[in-house]
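Presented below is the structure to which this report refers.
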Amino acid sequence: MFNVVFVLGPPGSGKGTICSKIQENLGYVHLSAGDLLRAERERAGSQFGALIESHIKNGSIVPVEITCSLLENAMNLHKTANGFLVDGFPRNADNLSGWSKQMSGKVHEQFVLFLSCPVDICINRCLNRGEGRTDDNVDSLKKRVETYNNQTFPIIEHFGKLNMVREVDSERPVEEVYEDVVKVFEAANQM
Ligand SMILES: Nc1ncnc2c1ncn2[C@@H]1O[C@H](COP(=O)(O)OP(=O)(O)OP(=O)(O)O)[C@@H](O)[C@H]1O
Ligand SMILES: Nc1ccn([C@@H]2O[C@H](COP(=O)(O)O)[C@@H](O)[C@H]2O)c(=O)n1
Ligand SMILES: [Mg+2]
């Protein structure tokens, strides 16, 4: 049974940044759904490249069958990990129901790490990220924020009702955010 922590928050809230630090220090493997989709988009021979790119540019959500299979394949490559940081997933109701269908009995969902940050700050961070992402532009960001507000935030609320959400304010400097995140993991794992 794989331990899983879902990591959610607005685009640019610092999910990838914080997950890298947890991976480095706590033995969890970081799996970014967005990174996996971008890698699949680039993979020679992929039948999903164009579909993925169109969703990424529009800030919309790729059908769960594609994303969940990429996640499960990646998890199977790291069978001895302490757990997995599933970053940017589940992003909508389709993600959540597809995950439950494909992964129930295979995973233990520990909690949801919710990195909260005002949207204007998040947008600025994305515009200054400098990674050349095709969706780090004003038009795509508008759509990504809309998707976050209308589809992803309700998923966070859903987990909130199950008492699974651990919210950390990620408007602060990375080191301060990380310090609080470590406390959340310590409490969850009683380390
Ligand atoms: N706490 C922070 N303070 C200032 N800048 C930050 C902070 N956390 C992350 N950043 C910067 O903001 C940008 C976005 O961070 P990151 O890629 O981690 O966000 P993300 O939530 O994974 O975004 P996305 O959802 O778009 O993938 C990066 O350039 C990163 O260096
Ligand atoms: N569960 C997901 C996660 C991501 N996507 C698509 O990828 C884009 C970038 O995601 P980041 O987490 O790296 O910002 C996102 O806007 C979606 O188009 C997805 O479809 N499903
Ligand atoms: Mg990211």
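First listed ligand is number 1; within each ligand, the first listed atom is number 1.
Scanning the protein for heavy atoms near atom 4 (C) of ligand 1, the closest one is R125 NE, 3.7 Å. Here the heavy atom of the protein found nearest to atom 19 (O) of ligand 1 is G14 N, 3.3 Å.
Residue contacts with ligand 1 include S170, since one of its heavy atoms falls under 4.0 Å from the ligand. Judged by the shortest distance from any of its heavy atoms, G12 lies inside the 4.0 Å radius around the atoms of ligand 1. In this structure, R172 counts as a contact residue of ligand 1, since one of its heavy atoms falls inside 4.0 Å of the ligand. Using a non-hydrogen distance threshold of 4.0 Å, S13 registers as a contact of ligand 1. Not a single heavy atom of E176 lies less than 4.0 angstrom from ligand 1. Heavy atoms of R144 approach ligand 1 to within less than 4.0 angstrom.
Between S140 and T134 the shortest heavy-atom distance is OG-O, 4.0 Å. Listed here is the closest heavy atom pair of V177 and I18: CG1-CD1, 3.7 Å. Minimum interatomic distance between S32 and R38 (heavy atoms only, all atoms of both residues): OG-NH2, 4.3 Å. Across all their heavy atoms, D87 and H30 have their closest contact at OD2-NE2, 2.8 Å.
Residue V174 has at least one heavy-atom neighbour below 4.0 Å for each of these atoms of ligand 1: 1 (N), 2 (C), 7 (C), 8 (N). Near T17, the atoms of ligand 1 lying under 4.0 angstrom from a non-hydrogen atom of the residue are 9 (C), 15 (O), 16 (P), 18 (O), 30 (C).
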Donor-acceptor list for residues 2-15 side chains, cut-off 3.5 Å, not counting sequence neighbours:
from : atom 1 : to  : atom 2 : distance (Å)
N3   : ND2    : N82 : O      : 3.3
S13  : OG     : P10 : O      : 2.7
K15  : NZ     : G9  : O      : 3.2
K15  : NZ     : P10 : O      : 3.1

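Tracing side-chain contacts under 4.5 Å through hydrophobic residues (I, L, V, M, F, W, Y), one reaches F84 starting from F159; they form part of the same cluster. Residues L77 and L85 do not share a hydrophobic cluster, defined by chaining ILVMFWY side chains whose heavy atoms lie under 4.5 Å apart.
Grouped with V145 in one hydrophobic cluster are V119, I123, L127, V138, L141, the linkage being side-chain heavy-atom contacts under 4.5 Å among Ile, Leu, Val, Met, Phe, Trp and Tyr residues.
For ligand 1, the polar-atom distance check against R38 finds no nitrogen or oxygen pair separated by under 3.5 Å. Between K15 and ligand 1, at least one N/O pair is under 3.5 Å apart. Among the atoms of R91, none of the N or O lies under 3.5 angstrom from an N or O of ligand 1. The N/O atoms of G16, backbone and side chain alike, include one that comes under 3.5 Å of an N/O atom in ligand 1. The shortest N or O to N or O distance between C126 and ligand 1 is not below 3.5 Å.
The residues D180 and R172 are annotated as salt-bridged, a charged nitrogen and a carboxylate oxygen being separated by less than 4.0 angstrom. At a threshold of 4.0 Å, the pair E175-K21 counts as salt-bridged, since one of the basic side-chain nitrogens sits closer than that to a carboxylate oxygen.
With rounding to the nearest 0.5 Å, the separation of CG in L113 from SG in C19 is 7.0 Å.
Of the options N92, I61, N58, a side-chain contact (heavy atoms from CB on, under 4.5 Å) to T147 is made by I61 and by none of the others. When each of R91, K143, H55 is checked for a side chain to side chain donor-acceptor pair (under 3.5 Å) with S60, only H55 meets the rule.
The side chain to side chain donor-acceptor pair (under 3.5 Å) contacts involving residues 98-113 comprise Y28-Q110, E72-Q102, E72-K106, W99-E109, Q110-N189, where partners must be two or more places apart or lie in separate chains.
Proximity of C122 to ligand 1, defined as any heavy-atom pair under 4.0 Å, is not found for any part of the residue.
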Under 3.5 Å, N/O to N/O: give me all the pairs between ligand 2 and the protein, one per line with atom names and distance.
from     : atom 1 : to   : atom 2 : distance (Å)
ligand 2 : 1 (N)  : G88  : O      : 3.0
ligand 2 : 1 (N)  : N95  : OD1    : 3.0
ligand 2 : 10 (O) : R91  : NH2    : 3.2
ligand 2 : 12 (O) : R91  : NH1    : 3.1
ligand 2 : 12 (O) : R91  : NH2    : 3.1
ligand 2 : 13 (O) : R38  : NH1    : 3.1
ligand 2 : 13 (O) : R38  : NH2    : 2.9
ligand 2 : 13 (O) : R133 : NH1    : 3.4
ligand 2 : 13 (O) : R133 : NH2    : 3.4
ligand 2 : 14 (O) : R133 : NH2    : 2.9
ligand 2 : 18 (O) : H55  : O      : 3.3
ligand 2 : 18 (O) : S60  : O      : 2.7
ligand 2 : 20 (O) : V62  : N      : 2.7

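Distances from atom 29 (O) of ligand 1 to the heavy atoms of R129, R133, E175 put R129 nearest.
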